[in-house]
**Q** 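First the structure, then my questions, so here it is.
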Amino acid sequence: MRIGVVANLDRSWGGIYQYAVTFVSALSEVDTGDEFVLFVYEGDRVLLELDDIAFERVALRVIAGPAGTLASKAASLLPDDVRAQLRDAVGRAMAPRGGGAPDAASAARVPEVDNAWAGFFARHGIDLLLFTADSELAPTTGVPFVAAVHDLQHRLQPEFPEVSADGEYERREARIGATIRHATAILVDSEVGREDVLACYGGEGVDPEAVRVLPFLPAAPVSSPPSSREVTRVRAAHGLPEGYLFYPAQFWPHKNHERIVEALGLLAARGLRPHVAFAGTHSGELRELTHAQVMTRAVELGVAEQVHDLGYVDDADMAPLYAGATALVMPTFFGPTNIPVVEAWGLGCPVITSDIRGIREQAGDAALLVDPRDPESIAGGIARVVGDARLRDHLAAAGRARVAAYTREQFVERLAVAIEFAKGRISERGRA
């Protein structure tokens, strides 16, 4: 088969970007006898480590501004009149019945584009598409597809504005719901992720066998331990002291930066003043507001000098930042699994993370679990790790063992099995 890969390689997408890089790289090792074509959104820079992959590449043009979804960025090389038709069809699919916010039925509708996308991908000879994240584009192509679904937090935790406010719930439900209902196979990162898909959409005809587990791997830039010299150089370049805590995450409310700062305030009152390095962007209204609240809170609590706002960090600096940290502190509310935890394990960095479903199963005994809702619990976890070298050694060793139990070869094998499953389903439908 000739298989198209629609990959989002925009660094601003954080974990989804890292997943896409690993996914595309792994495909170069998949031995299914298929030919792969890489479709890359116009403007996305392909990493050097992907340059040697002998995939044909096709650019997908940007036809819309950012709107909080991958597919708002996706476009095609279709003629202008067909692209206008596509936009109109998507608008009709998203439109509410009788005004107001879209209801569940209207949100679940699939855009109909009269096989315009099918014609586009047919011109490239595509028999199957692989999407590295859920996408409005996926169900419009007329081509069987496999898609990764990374979380269903709009269903599970709609109280967070980034997944619900200003129509975001409806947009996510339309995009994710259509992706899941119409996929030939669905990739999830864990058994908990599989349970979530089946709990939320299993009653709508989703085949449990089609939901395939493909756990995360550390991305290439953080897969090899740096030298001590490099750790020292990067720490100095970012103005960090020895023994800092590290948290690479964009400033979304669910990432919970503010409670880390509040934990630092509690510890300062007890004479303990660890530093924390935040690496992540804060563009966009909600992230700007969240960032401002976090930094204001640090000033109010007298810990501003302990909070290092690194902003966007180059890939080359990430491994040294992990390796030089006393611990990763990640009291996020979202899962079910998180890539920074896996990256920290691979680099011997102890992990403090959230004691919630999904993350709890990911971490096992290789992390110190805290209540993300309680600054006192976070402060206690930080104090234990900072003050106990034996605990740090235990967590680092347990993390290395946990990440070593799942290899790149296993990732490639599972990916190949998922592709073969999808090909088998396509053959079955062809014979029906």
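In this chain, residues are counted from 1 in sequence order.
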**Q** Using a strict 4.0 Å threshold on nitrogen-to-oxygen distance, state whether Arg172 and Glu168 make a salt bridge.
**A** yes
**Q** Taking CZ in Arg384 as the centre, count heavy atoms belonging to other residues, nucleotides or ligands within less than 6.0 Å. Is the count above 12?
**A** no
**Q** I'd like to know if Asp355 and Arg373 make a salt bridge, using a cut-off of under 4.0 Å between side-chain N and carboxylate O.
**A** no
**Q** Quick one: are the ring centres of Phe334 and Phe160 less than 6.0 Å apart?
**A** yes
**Q** Salt bridge or not for Glu173 and Arg181, using N-O below 4.0 Å?
**A** yes
**Q** For Asp365 and Leu395, work out which heavy atoms get closest and say how close.
**A** O-CD2, 4.3 Å
**Q** Closest approach of Thr32 and Lys423, non-hydrogen atoms and distance?
**A** O-NZ, 3.4 Å
**Q** Got a salt bridge between Arg425 and Glu420, using NZ or NE/NH1/NH2 to carboxylate O under 4.0 Å?
**A** no
**Q** With Arg2 as the cation and Phe121 as the aromatic partner, state whether NZ or CZ is under 6.0 Å from the six-membered ring centre and within 45° of the axis.
**A** no
**Q** Less than 6.0 angstrom separating the ring centers of His182 and Phe145, yes or no?
**A** no
**Q** For Val197 and Val211, work out which heavy atoms get closest and say how close.
**A** CG1-CG2, 4.1 Å
**Q** In this structure, are over 12 heavy atoms from other groups packed under 6.0 Å from Glu288 atom CD?
**A** yes
**Q** Are His238 and His308 near enough that their ring centres are under 6.0 Å apart?
**A** no
**Q** Taking the side chain as C-beta and beyond, is there a heavy-atom pair between Leu130 and Val6 under 4.5 Å?
**A** no
**Q** Leu152 and Ile180: which non-hydrogen atoms are nearest, and at how many Å?
**A** CD2-CD1, 4.1 Å
**Q** Does NZ or CZ of Arg235 come closer than 6.0 Å to the centre of the six-membered ring of Tyr244, within 45° of the ring's axis?
**A** no
**Q** How long is the gap from OG1 on Thr132 to CG on Leu187, to the nearest 0.5 Å?
**A** 10.0 Å
**Q** What's the spacing between Leu214 CG and Arg414 CZ if we round to 0.5 Å?
**A** 7.5 Å
**Q** What distance separates Ser190 OG from Ile359 CD1, expressed to the nearest 0.5 Å?
**A** 10.5 Å
**Q** Is Glu413 atom CD crowded by more than 12 heavy atoms from other residues, nucleotides or ligands, each under 6.0 Å away?
**A** no
**Q** Can you list the steps and then say if Ile126 with Phe39 is a side-chain contact (heavy atoms from CB on, under 4.5 Å)?
**A** CA-CA 11 Å; Ile126 302 302; Phe39 293 90; 4.0 Å; yes
**Q** Is any side-chain N of the basic residue among Asp166 and Arg171 closer than 4.0 Å to the acidic one's carboxylate O?
**A** no
**Q** Looking only at non-hydrogen atoms, find the nearest pair between Ser354 and Pro331 and report the distance.
**A** OG-C, 3.0 Å
**Q** Any side-chain heavy atom of Thr290 sitting closer than 4.5 Å to one from His282?
**A** no
**Q** Quick one: CG on Asp151 to CG on Asp134, what's the gap to the nearest 0.5 Å?
**A** 8.0 Å
**Q** Are more than 12 heavy atoms from other residues, nucleotides or ligands located less than 6.0 Å from atom CD of Glu159?
**A** yes
**Q** For the CD atom of Glu343 and the CG atom of Leu217, what is their distance to the nearest 0.5 Å?
**A** 10.5 Å
**Q** Which of these, Trp252, Phe278, Phe333, sits in a ring-ring contact (aromatic ring centres under 6.0 Å, His included) with His257?
**A** Phe278
**Q** Answer yes or no: are there more than 12 heavy-atom neighbours, outside Asp207 itself, under 6.0 Å from its atom CG?
**A** yes
